[in-house]
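Throughout, protein chains are lettered first and strands after them, A, B, ... in sequence-line order, and every chain is numbered starting at 1.
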Amino acid sequence: MIIYKIPLSSHKFQYISGKFQIWNISKIPQTKFPENFRKSSRPQFTNCPTMIVMVGLPARGKTYISKKLTRYLNWIGVPTQVFNLGQYRREVLQTYKNYEFFRPDNEEAMKIRRAYASNALKDIASYFTKEQGQVAVLDATNTTRERRGVIINFAKEKGYKVFFIESVCDDPEIIEANTMQVKLSSPDYENYDKEEALVDFLKRIDCYKMSYVPLDEEKDRHLSFIKIFNVGSRYLVNRVQDHIQSRIVYYLMNIHVTPRSIYLSRHGESELNLLGRIGGDTGLSSQGQKYAKALAEFIRGQSIKDLKVWTSHMKRTIQTAEALGVPYEQWKALNEIDAGVCEEMTYEEIQATHPEEFALRDQDKYRYRYPKGESYEDLVHRLEPVIMELERQENVLVICHQAVMRCLLAYFLDKSEDDLPYLKCPLHTVLKLTPLAYGCKVESFYLNIQAVNTHRDRPTVKSLLCESE
Amino acid sequence: MTNCPTLIVTVGLPARGKTYISKKLTRYLNWIDVPTKEFNVGQYRRECVKIYKSFEFFRPDNEEGLKIRKQCALAALNDVRQFLTDEGGQVAVFDATNTTRERRETILRFAEQNGFKVFFVESVCEDPDVIAENIVQVKLGCPDYTHCNTEDAVADFMKRIKCYENSYQPLDEELDRDLSFIKIIDVGRRYLVNRVQDHIQSRIVYYLMNIHITPRSIYLCRHGESDLNIKGRIGGDSGLSARGKEFAKALGQFIQSQNIRDLKVWTSQMKRTIQTAEALGVPYEQWKALNEIDAGVCEELMYEEIQQKYPLEFALRDQDKYRYRYPKGESYEDLVQRLEPVIMELERQENVLVICHQAVMRCLLAYFLDKTAEELPYLKCALHTVLKLTPMAYGCKVESVCLNVDAVNTHRDRPSVRFTNTHPLSMSFLTVLLHRRHPLNSSVNM
């Protein structure tokens with residue numbers, strides 16, 4: 001651990017020892033914006049890199065879990081990447097013939113498979129050492145104790161922690177649904193017709209079944225793992241080692257695959273919106289009230305089963321929900337980003353009174369924290385329980401605010417920290433998100449009620465001094 | 001959080017930590033504002049059978065014993081019903097062995113009749129050391145064995161466990177696959193979780209999977225006295241005063257003298273806690289969640305100024321200090337919500353020193369010492385004093401260490417007199433006067 005000592009009396013930075021966290025408490029000169037200027041708001045989750053190793057027969061949801069988990073971990077600020085062996089295979093083989101490649105007696109294929117599996121491990125090592133990754137998800141069947149042994153040895157050598165996620169499912173309906181949703185459209189089966197693809201895929205599964213050795217309560221009692229049975233009706237959790245593994249277990253135990261939709265919308269146009277002022281806690285303008293009514297009609301038109309409605313604690317979202325005439329729940333965590341000293345100012349006023357702050361924000365909009373206020377990074381942290389509960393729920397309408405909606409959207413659509421603060425979330429538009437295959441389908445509904453535009457694009461020329469609207 | 005009440009039912013042989021889990025879980029749920037109460041059948045039995053003779057009471061062929069035990073269980077269930085239906089309770093923890101399928105069936109029927117959800121928490125443990133330690137820590141001191149010497153007590157208790165062993169039917173993956181439960185194996189080495197139904201059960205599972213019983217201590221203290229403290233102003237983000245810096249040094253020395261193994265140090269993201277930690281010369285972690293309560297429009301004001309500018313707000317705060325939210329600020333209730341991840345991580349950790357702020361420390365202390373929402377905002381957390389909390393039996397031992405560096409007193413007592421026809425404003429004014437008159441504050445420029 002490196003410690004940089006800068007005297008407290010310096011006007012530039014006050015350094016906080018411990019974990020490369022630098023706290024800017026005073027204005028910095030206009031000429032420089034240092035690269036390693038990070039105001040991170042959260043503690044470290046783990047001290048050494050972690051390998052998450054998926055285990056399970058084909059079509060058990062391993063890739064679904066890998067991608068979802070990776071999306072979640074990246075969103076909460078833990079650099080994570082998936083390493084999918086199927087992808088490695090496709091790069092090596094170019095074309096997929098048929099299931100024979102996976103036959104346990106196919107020596108040549110075995111050699112190839114071991115080779116690209118080993119390449120994946122090398123890439124993981126490189127991800128940890130050269131790219132500052134913290135978690136790598138090895139998405140493959142890993143169905144034999146021998147293969148898992150290889151991975152464990154590799155990790156031990158390098159000093160990585162290992163956590164296994166095994167998905168066990170014997171419900172033929174679920175397996176068929178999986179197969180239909182994601183396998184038949186995979187590059188492997190481009191040249192097959194549906195029926196043939198299904199037949200071939202089932203034979204592929206059979207190839208693995210013979211040698212499949214599931215994680216065992218007794219024999220594997222020294223390993224850290226979670227076994228998920230039948231899409232989450234039961235879990236076996238063994239030896240959770242640290243905070244990040246505990247969070248991963250909690251997350252996996254809260255997600256489900258029941259079809260549902262999440263509706264995201266901002267409050268109706270507010271009085272401060274009309275004045276071009278940010279933050280505050282005003283009520284709806286007359287256009288905003290019209291929107292609330294239109295929203296109610298729209299929701300009724302969607303005929304949604306058991307819809308839950310969530311708002312923040314601020315007047316404008318509550319008033320919007322009131323027009324729906326259904327019960328709703330208020331979450332303080334859904335309150336708009338706190339703009340601190342800039343609350344209720346127009347962008348022009350902020351530029352005039354706090355020019356350096358204004359410029360700094362454009363440099364790193366995700367991490368920049370308003371003086372006495374919050375950053376997008378802080379927002380993500382406070383929205384995490386909302387995301388966790390959204391995962392547990394089924395049909396939900398969330399009436400929130402611009403910055404909040406950007407954070408939630410970034411989670412569902414896997415947007416990076418760079419893109420998040422510039423996502424377009426206009427007033428009077430409802431986004432309907434429906435989980436589909438490995439991602440999320442988005443439908444945008446503009447309810448035809450005029451409103452001001454509150455979006456500021458990413459500045460094209462990064463100048464510290466000038467900002468033109 | 002949950003629309004119908006939940007009945008948590010413990011399952012397990014004696015000395016498997018059921019009561020420990022029940023009490024800890026109840027404390028946690030109450031702290032996060034879920035009205036919870038535990039119902040310990042052993043207690044009901046002690047009220048019924050005034051004097052405990054010996055393990056023979058628990059023999060499976062003791063008809064009279066069985067009758068009494070069943071009655072006690074039913075009496076407890078009756079009280080559960082009252083708590084959940086009439087008294088606004090949301091979660092009831094039914095703490096008993098519940099080792100037979102038949103007994104569990106009775107409970108399930110009872111819950112169904114009353115519209116309660118049921119979640120079983122089973123503790124399975126075969127490690128003789130753990131069981132022995134349990135017995136020494138909590139059984140020997142219990143009312144049943146006051147008249148016994150240690151050896152006899154242990155012998156009797158082991159025979160008591162035997163009485164249950166033969167008829168014990170653990171929750172089964174197959175036979176009980178339609179029930180909602182968590183099986184905790186070997187004090188948390190392994191868990192089997194089945195059919196979590198809703199949010200509260202999910203939170204309970206998460207909590208149970210994060211707690212441990214490894215001996216450790218948690219040290220709580222505030223930052224050293226700050227410049228704003230001296231001026232009698234609340235909130236803000238100022239640095240340490242000269243005395244505050246002295247405290248930081250004294251804290252460093254104190255921590256070294258305690259010889260704590262693998263101590264983690266946590267601070268907030270405000271200057272005064274960071275500067276305090278800096279003096280320790282060890283790595284520390286900053287948590288935004290540990291920042292002091294946001295006093296909104298009242299930030300950096302003195303209590304007298306708040307009274308002048310916002311007299312009604314000031315009085316309202318005294319009426320319900322826990323739920324009152326400063327305009328554009330936070331309430332203690334909000335604080336508890338934002339501190340929940342800190343508590344969860346404290347549960348996971350071992351030795352930790354948390355350097356925080358007055359309101360924050362009150363919230364954390366209330367969690368460890370099971371204080372109510374009414375008491376929380378008035379807990380005494382003086383500057384320059386370290387509280388050492390060590391989990392013990394069913395609770396927490398507190399040792400208070402004052403590091404002998406002078407500081408102002410920032411505590412405001414609860415308005416002690418409540419006359420219904422006295423204007424609340426004058427009562428609050430009184431507390432401010434008393435605050436100013438405190439010996440440590442009188443020398444300060446206010």
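- Enclosure of atom CD in B:Gln197 by more than 12 non-hydrogen atoms of other residues, nucleotides or ligands within 6.0 angstrom is indicated.
- Residue B:Gln201 does not touch chain A at all, counting heavy-atom pairs closer than 4.5 Å.
- Of the atoms belonging to B:Val265, not a single heavy atom falls under 4.5 Å from chain A.
- Of the two parts of A:Glu217, the backbone and the side chain both hold a non-hydrogen atom closer than 4.5 Å to a non-hydrogen atom of chain B.
- In terms of heavy-atom pairs under 4.5 angstrom with chain B, the leader among A:Glu389, A:Gln393, A:Arg221 is A:Glu389.
- Distance check, rounded to the nearest 0.5 Å: CG of B:Leu192 to CZ of A:Arg234 gives 6.0 Å.
- Both the backbone and the side chain of B:Arg189 come within contact range of chain A, each with at least one heavy atom under 4.5 Å from a heavy atom of that chain.
- The CG atom of A:Asn238 sits 10.0 Å away from atom CG of B:Asp186, with the distance rounded to the nearest 0.5 Å.
- Summarising the geometry, atom CZ belonging to B:Arg177 is positioned 10.5 Å from atom CG belonging to A:Asn230; distances are rounded to the nearest 0.5 Å.
- Here the OG atom belonging to B:Ser202 is positioned 11.5 Å from the CD atom belonging to A:Glu391, to the nearest 0.5 angstrom.
- A 4.5 Å side-chain heavy-atom check between B:Arg190 and A:Leu236 finds at least one atom pair inside the cut-off.
- For the set B:Arg195, B:Lys328, B:Arg325, B:Arg338, the entry with the most heavy-atom pairs within less than 4.5 Å of chain A is B:Arg325.
- A distance of 11.0 Å separates OH in A:Tyr250 from CE in B:Met209, rounded to the nearest 0.5 Å.
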*Check the pair A:His313, B:Asp334 against side chain to side chain contact (heavy atoms under 4.5 Å, CB included), reporting the backbone distance first and the verdict last.*
CA-CA 12 Å; A:His313 275 207; B:Asp334 296 329; 5.6 Å; no
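- Donor-acceptor pairing under 3.5 Å is lacking for the side chains of B:Gln337 and A:Arg382.
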